[in-house]
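In each ligand, atom 1 is the first atom listed, and ligand 1 is the first ligand listed.
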Amino acid sequence: MFRVLVSDAISEEGLAPLCASAQIDIVQKKTTEAEEELHTFDALLVRSATKVTEELLEKMPNLKIIGRAGVGVDNIDVDAATKRGIVVINAPNGNTISAAEHTFAMMAALVRRIPQAHISVKSREWNRSAFVGNELFGKKLGIIGFGRIGSEVAKRARAFGMSVHVYDPFLTKERAEKLGVSIHSLDEVLAAADIITVHTPLTKETRGLLGTENLAKTKKGVYLINCARGGIIDEQALIPFLESGHVAGVALDVFEQEPPGDHPLFAFDNVIVTPHLGASTVEAQLNVATQVAEELLHFFEGRPVTSSINLPALSKDVYEKIQAFYHLGRKLGLIASQFMNIPVQELSVTYAGTVADLETTYITRSLLAGFLRPRVASTVNEVNAAMVAKERGITYGEKFSDETHGYANCISLTVHGENKTFTIKGTHVPNYGDRIVHFDGVAIDFAPEGHLLYIQHQDRPGMIGKVGNVLGAHDVNIATMQVGRQEAGGKAMMILSLDKPVDDEVLQALAQIDDIETVKRLEA
Ligand SMILES: NC(=O)C1=CN([C@@H]2O[C@H](COP(=O)(O)OP(=O)(O)OC[C@H]3O[C@@H](n4cnc5c(N)ncnc54)[C@H](O)[C@@H]3O)[C@@H](O)[C@H]2O)C=CC1
Ligand SMILES: O=C(O)CCC(=O)C(=O)O
């Protein structure tokens with residue numbers, strides 16, 4: 001049974017698939033009301049009201065996934081979640097249309113002074129000359145940030161006969177041409193636009209993007225709109241530009257502090273505001289709730305999630321192809337880590353054959369997580385493996401090669417320790433399973449499963465019998481045994497698969513046999 005805490009107002013209809021699952025127990029409460037049981041939840045579902053801080057995560061040690069029913073994840077400490085191996089997902093496009101329509105509604109309201117006129121008429125006034133506005137037709141719209149919402153705003157602007165000037169450093173020429181907009185530098189957009197609307201995430205680069213310096217570059221009489229995130233337009237910096245009339249009007253749906261309280265901008269008649277309503281439509285809320293609910297179900301069923309913030313995106317098709325290698329990678333890392341139970345500096349992974357054409361980043365993350373698991377006390381998985389490796393000074397890299405050693409695919413892991421280097425190679429055989437085909441310089445063939453025992457010895461007659469006798473005397477049954485050697489009479493090894501794990505006493509008894517040099521327990 002998985003326990004899900006829904007701590008913000010999320011569409012009940014959208015959550016229905018989760019509620020219907022017999023495997024899922026849903027609790028709808030604010031985190032502050034669930035203090036006593038926070039440690040029991042596997043998943044947390046939020047909108048923007050819940051602040052998912054490091055402190056909250058500390059109280060939720062069982063948490064595996066955080067779902068944001070919306071786009072912006074700035075209310076979630078994603079780094080802290082990543083560090084703990086918690087997957088963060090969002091609903092990237094469920095509210096795009098609503099946010100674009102709200103932006104457009106704000107734009108029309110701003111240039112036609114609709115909110116001001118509305119208040120005036122309801123105050124029993126009839127002052128038509130006080131509310132002369134501007135047409136949108138023929139105006140230049142500057143869009144900063146041309147992702148999902150920015151591009152939907154552009155489509156609507158073109159339908160209104162506006163020309164659209166875009167600044168987005170990541171926008172390709174092809175996409176701009178397809179949507180009938182022109183790409184410009186930020187300065188060009190600032191200088192040309194009659195109306196500027198921002199649609200970027202709030203990042204180090206975009207915080208204060210429209211501050212004093214850039215506001216001074218805008219056209220006199222410009223209108224500004226922020227329906228993205230508070231702080232992209234610097235609220236304090238706006239004040240002198242509104243006082244001087246340089247900025248003709250501002251529409252804000254979002255604020256640096258939400259709720260904004262008694263904000264100095266509210267004193268300006270030409271500043272119109274809404275309380276973060278961009279996504280507040282029945283349709284958007286149903287969409288985002290349905291998207292995160294479906295993703296959560298996939299996650300709990302062990303299927304891939306497609307909208308994770310802290311994992312590489314993985315479609316169902318790709319997941320199905322890499323699944324087998326993902327498990328093989330995990331086993332290679334796990335076995336190598338136990339074999340090289342010394343400090344290591346570097347892991348080098350080489351992919352050959354069919355696996356080299358797949359999304360190997362995921363496989364490498366899985367291998368890294370397998371490698372780190374015996375070494376760290378906290379949770380380590382593909383979400384935080386790269387971060388944990390970095391913290392421990394372990395670097396890793398991927399290579400591609402043609403050397404498959406006769407197999408259709410081969411993953412090779414070389415671990416570099418201070419005075420020792422170790423290589424393990426594995427292959428996945430469809431309908432048969434994973435096989436380790438090379439272990440520390442010796443060609444061998446065994447399944448990386450269960451309780452394994454590695455014995456390195458001199459190649460002498462009678463070794464197998466001696467090992468069998470010791471294990472038999474300790475009531476340990478051998479399921480399979482594979483032997484390999486570099487050359488006759490030289491270094492040889494046995495890999496045994498046992499029905500139960502062996503204790504230190506058995507290891508010591510085996511190590512005392514003449515010609516046995518090393519004995520290691522390996523759990524896979
Ligand atoms: N008011 C509301 O209720 C809602 C607000 N939002 C917010 O709207 C914003 C946009 O959302 P989406 O379009 O879905 O995101 P998106 O990720 O599809 O698009 C963001 C765009 O910003 C661009 N960008 C990033 N850094 C930039 C920079 N320094 N300068 C210029 N462009 C930059 C990116 O290349 C990308 O094209 C986000 O902040 C999101 O949180 C989203 C939904 C509802
Ligand atoms: O959940 C909401 O209403 C806010 C939506 C939003 O800002 C977002 O999706 O980024």
### Message
Does either side chain, that of Thr350 or that of Ser412, offer a donor lying less than 3.5 Å from an acceptor on the other one?
### Response
no
#### Entry: Donor on one side chain, acceptor on other, Ser98 and Glu283, under 3.5 Å
no
Salt-bridge present ([X], [Y]; N to O < 4.0 Å):
{"X": "Asp8", "Y": "Lys30", "value": "no"}
{"X": "Glu152", "Y": "Arg148", "value": "no"}
{"X": "Arg84", "Y": "Glu54", "value": "yes"}
{"X": "Arg330", "Y": "Glu382", "value": "yes"}

Identify the protein heavy atom lying closest to [atom], giving its residue, its atom name and the separation to 0.1 Å.
{"atom": "atom 7 (O) of ligand 2", "result": "His276 NE2, 2.7 Å"}
{"atom": "atom 9 (O) of ligand 2", "result": "Val71 N, 2.5 Å"}
{"atom": "atom 3 (O) of ligand 2", "result": "Arg47 NH2, 2.7 Å"}

If you measure from [atom] to every heavy atom of [options], which option wins on shortest distance?
{"atom": "atom 34 (C) of ligand 1", "options": "Asp168, Val254, Val189, Asn93", "value": "Asp168"}
{"atom": "atom 12 (P) of ligand 1", "options": "Asn226, Ile149, Leu209", "value": "Ile149"}
{"atom": "atom 38 (C) of ligand 1", "options": "Thr200, Val166, Ile143", "value": "Thr200"}
{"atom": "atom 10 (C) of ligand 1", "options": "His199, Lys204, Arg229", "value": "His199"}

Flag [X] as yes when one of its N or O atoms lies below 3.5 Å from any N or O atom of ligand 1, and as no otherwise.
{"X": "Leu277", "answer": "no"}
{"X": "Thr96", "answer": "no"}
{"X": "Asp253", "answer": "yes"}
{"X": "Pro169", "answer": "no"}
{"X": "Asn95", "answer": "no"}
{"X": "Phe170", "answer": "no"}

#### Entry: ligand 1 versus Pro201: contacting region, heavy-atom distance under 4.0 Å
both
Donor-acceptor contacts under 3.5 Å from residues 37-45 side chains, at least two apart:
unit_1	atom_1	unit_2	atom_2	d
Glu37	OE1	Arg3	NH1	3.4
Glu37	OE1	Arg3	NH2	3.4
Glu37	OE2	Lys29	NZ	2.7
His39	ND1	Glu36	O	3.4
Thr40	OG1	Arg3	NH1	2.6
Thr40	OG1	Glu37	O	2.6
Asp42	OD1	Lys64	NZ	2.7
Asp42	OD2	Arg3	N	2.7

### Query
Got a sec, which pairs hit ring pair (Phe, Tyr, Trp, His ring centres under 6.0 Å) with one end in residues 110-169, sequence neighbours left out?
Phe104-Phe160, His165-His184
### Message
Could you report the tightest heavy-atom contact between Asn226 and Ala228, atom names first, then the distance?
### Response
OD1-N, 2.9 Å
### Task
Indicate, as side chain, backbone, both or neither, the part of Asp8 found under 4.0 angstrom from ligand 2 when only non-hydrogen atoms are considered.
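For Asp8, there is no contact with ligand 2 at all, from either part.
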### Message
Can you confirm, on distance only, whether ligand 2 has an N/O atom lying under 3.5 Å from any N/O atom belonging to Gly72?
### Response
yes
### Message
Regarding ligand 2, does Arg68 bring an N or O atom to under 3.5 Å of one of the ligand's N or O atoms?
### Response
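Yes; the residue has a nitrogen or oxygen that sits under 3.5 Å from a nitrogen or oxygen of the ligand.
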### Task
Name the orientation class of the two ring planes belonging to His246 and Phe241 (parallel below 30°, tilted from 30 to 60°, perpendicular beyond 60°).
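Aromatic pair His246/Phe241 classed perpendicular.
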